[in-house]
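Numbers for residues simply follow the sequence, beginning at 1. These numbers come from the heavy atoms of this one structure, side chains and all, not from hydrogens, waters or symmetry mates.
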Amino acid sequence: MTMRRVNVIILLLLAVAFLIIVQRNLLNLSDILHKENPDAGMILPFESELSPDLKVESVRKGEEIPVLITAAGERLGAVVAAMNSIYQNSKANVVFTIVTLNDTVDHLKVWLSKTRLKKIKYKIVIFKPELLNGKISKEPETLEAAKPLTFARFYLPVYIPEAEKAIYLDDDVIVQGDIQDLYETNLKPGHAAAFSDDCDSASAKGIIRGAGNQNNYIGFLDFKKDAIKKLGMRANTCSFNPGVIIANLTEWRSQNITRQLENWMELNTKEDLYSKTLAESITTPPLLIVFYKRHSTIDPMWHVRHLGMTGAGNRYSYQFVKAAKLLHWNGHYKPWGRTSSFSDVWDKWFIPDPTGKFNPVRKHAEDN
């Protein structure tokens with residue numbers, strides 16, 4: 001009997017020792033995992049900060065729809081209105097990638113966290129202007145037009161590395177349809193992107209102030225230059241507007257589209273390949289070259305543009321604007337400015353800045 005009791009005691013001690021060892025191993029493993037997964041709150045190049053909403057159980061389910069949009073400090077109101085219109089008009093699982101600069105991050109985060117936008121899913125990534133070194137002419141007029149964030153669309157696979165397909169949107173848009181319908185746009189085999197042709201029914205009369213009719217390739221590229229001649233492109237080919245892009249990121253990576261675009265940017269700094277009548281559209285020429293007759297098309301109602309140009313109020317009826325799926329105020333006159341057409345449509349989606357820094361100019365003028 002004594003020996004049996006001793007054996008039982010020994011077994012109990014062994015069991016206790018085993019449990020202590022297991023507990024310590026689990027604690028050590030937890031420490032290791034914590035060290036290998038540092039604070040996600042740091043915003044670093046090509047890394048992101050996830051919105052708190054991503055951890056909430058009530059978030060929208062289903063396939064993620066990645067949407068990339070840029071956030072320039074002086075235009076944050078545009079980004080807010082665009083994102084709000086997308087979120088409110090769809091039940092899809094939209095995840096925004098917001099590309100911005102370091103000095104805009106704090107203001108942006110306050111706007112997103114202190115308003116109804118706190119419900120959305122987003123990540124913030126920082127654009128590094130040094131990416132453009134050697135790719136933009138140093139002439140004063142070019143530097144003035146070369147706003148760094150406009151080139152973020154060239155790096156879609158870098159900023160959304162986990163996705164096979166994504167949407168890029170300019171900030172001066174309002175989405176009135178379900179973004180999932182746009183996302184489901186069919187791209188032809190081998191095509192890395194879909195754009196809206198400038199000769200489609202909704203925008204054939206688009207006029208760029210100071211540059212005349214600019215809806216074909218000759219309005220963007222200098223066909224007298226040898227590098228352009230060698231491509232064999234037709235000068236009267238209808239151009240497209242890159243303010244809305246549906247991208248097949250698998251094809252984009254496979255065809256190394258980003259590097260192709262960079263190559264043409266670099267060559268332009270040496271040979272001045274862009275048209276002399278180019279009107280603040282220096283992101284468009286490289287895209288026109290790389291995607292010449294190698295892109296799919298977007299439904300014209302999913303990119304009704306030129307609302308920011310002279311005469312936009314006469315070009316479209318209010319009924320047509322109301323029926324459009326996506327409105328684009330490309331041009332000089334923005335909907336947060338004093339003289340824009342259809343600014344009341346934009347107002348519907350604008351969310352006031354909780355910091356008070358951004359105020360639509362015309363509204364401020366009216367209040368005074």
Side-chain angles (χ1 to χ4, degrees), residues 132 135-147 150-151 153-154 168 170 172 188 191-247 255 257-298 300 303-312 315 328-333:
L132 304 178
K135 302 178 182 70
I136 298 177
S137 171
K138 294 184 178 180
E139 296 179 4
E141 60 273 17
T142 301
L143 290 173
E144 177 63 24
K147 296 176 175 59
T150 64
F151 295 94
R153 72 198 85 188
F154 288 11
Y168 165 84
D170 276 354
D172 51 353
K188 294 179 180 178
H191 285 180
F195 304 93
S196 295
D197 288 328
D198 283 328
C199 302
D200 65 32
S201 59
S203 63
K205 295 181 180 180
I207 302 297
I208 293 183
R209 186 180 182 184
N213 193 333
Q214 195 164 1
N215 60 5
N216 52 34
Y217 269 54
I218 200 170
F220 293 89
L221 297 165
D222 187 346
F223 278 78
K224 295 179 181 179
K225 298 298 174 69
D226 288 339
I228 301 299
K229 287 181 180 178
K230 291 177 181 178
L231 294 173
M233 301 185 301
R234 295 183 60 180
N236 64 349
T237 299
C238 183
S239 57
F240 54 76
N241 186 298
V244 177
I245 304 173
I246 315 300
Q255 298 176 32
I257 296 295
T258 296
R259 188 55 201 153
Q260 289 187 55
L261 294 168
E262 289 181 327
N263 287 341
W264 283 106
M265 291 171 68
E266 291 166 1
L267 189 60
N268 176 65
T269 63
K270 301 171 184 176
E271 301 184 15
D272 197 18
L273 304 178
Y274 302 166
S275 170
K276 295 295 184 291
T277 61
L278 194 63
E280 298 183 8
S281 302
I282 63 174
T283 54
T284 302
L287 289 163
L288 292 178
I289 295 172
V290 172
F291 287 103
Y292 178 71
K293 293 190 175 181
R294 296 183 64 190
H295 69 276
S296 299
T297 57
I298 295 173
H303 193 181
V304 173
R305 47 208 182 276
H306 306 309
L307 272 71
M309 295 181 181
T310 304
R315 183 176 297 117
H328 188 185
W329 279 264
N330 60 310
H332 295 279
Y333 305 103

Could you pull out all donor-acceptor pairs under 3.5 Å where a side-chain atom in residues 289-298 meets a protein atom, sequence neighbours excluded?
| unit_1 | atom_1 | unit_2 | atom_2 | d |
| --- | --- | --- | --- | --- |
| Y292 | OH | R234 | N | 3.1 |
| R294 | NH2 | Q255 | OE1 | 3.0 |
| H295 | ND1 | F291 | O | 3.1 |
| H295 | NE2 | D197 | OD1 | 3.2 |
| S296 | OG | K188 | N | 2.8 |
| S296 | OG | H191 | ND1 | 2.8 |

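- The distance from the CG atom of N263 to the NZ atom of K135 is 9.5 Å, given to the nearest 0.5 Å.
- Taking OH from Y333 and CG from D172, the interatomic distance works out to 15.0 Å, rounded to the nearest 0.5 Å.
- Shown here for N215 and C199, the closest heavy-atom pair between the two residues is O-SG, 3.8 Å.
- Between P242 and T284 the shortest heavy-atom distance is CG-OG1, 3.6 Å.
- Shown here for A227 and L267, the closest heavy-atom pair between the two residues is CB-CD2, 4.0 Å.
- Applying the salt bridge (Lys or Arg N to Asp or Glu O under 4.0 Å) rule to K229 yields no partners; only residues at least two apart in sequence or on another chain are considered.
- For N241, there are no side-chain hydrogen bond (donor to acceptor under 3.5 Å, both in side chains) partners at least two apart in sequence or on another chain.
- To the nearest 0.5 Å, the span separating CZ on R305 from CG on D198 amounts to 5.0 Å.
- Inter-residue side-chain proximity for F151 and L261 is flagged as unmet; no heavy-atom pair is nearer than 4.5 Å.
- Atom CE of M265 and atom OG1 of T283 lie 9.0 Å apart (nearest 0.5 Å).
- In this structure, the side-chain hydrogen bond (donor to acceptor under 3.5 Å, both in side chains) partners of Y168, at least two apart in sequence or on a different chain, are R153, D170.
- Considering only residues two or more places apart in sequence or on other chains, E266 meets the salt bridge (Lys or Arg N to Asp or Glu O under 4.0 Å) condition with R259.
- Scored by the side-chain contact (heavy atoms from CB on, under 4.5 Å) test, I218 finds N216, F223, A235 as partners (sequence neighbours excluded).
- Atoms OG1 and CG, from T237 and L288 in turn, are 9.5 Å apart once rounded to the nearest 0.5 Å.
- L221 places a side-chain heavy atom less than 4.5 Å from the side chain of Y274.
- Considering only residues two or more places apart in sequence or on other chains, K276 meets the salt bridge (Lys or Arg N to Asp or Glu O under 4.0 Å) condition with D272.
- Here the shortest heavy-atom pairing between S239 and F220 reads OG-CE1, 3.7 Å.
- Atoms OG and CD1, on S275 and I282 in that order, are 13.5 Å from each other to the nearest 0.5 Å.
- For T258, the side-chain hydrogen bond (donor to acceptor under 3.5 Å, both in side chains) partners at least two apart in sequence or on another chain are W252.
- Residues L307 and H328 fail the side-chain proximity criterion, which asks for heavy atoms closer than 4.5 Å.
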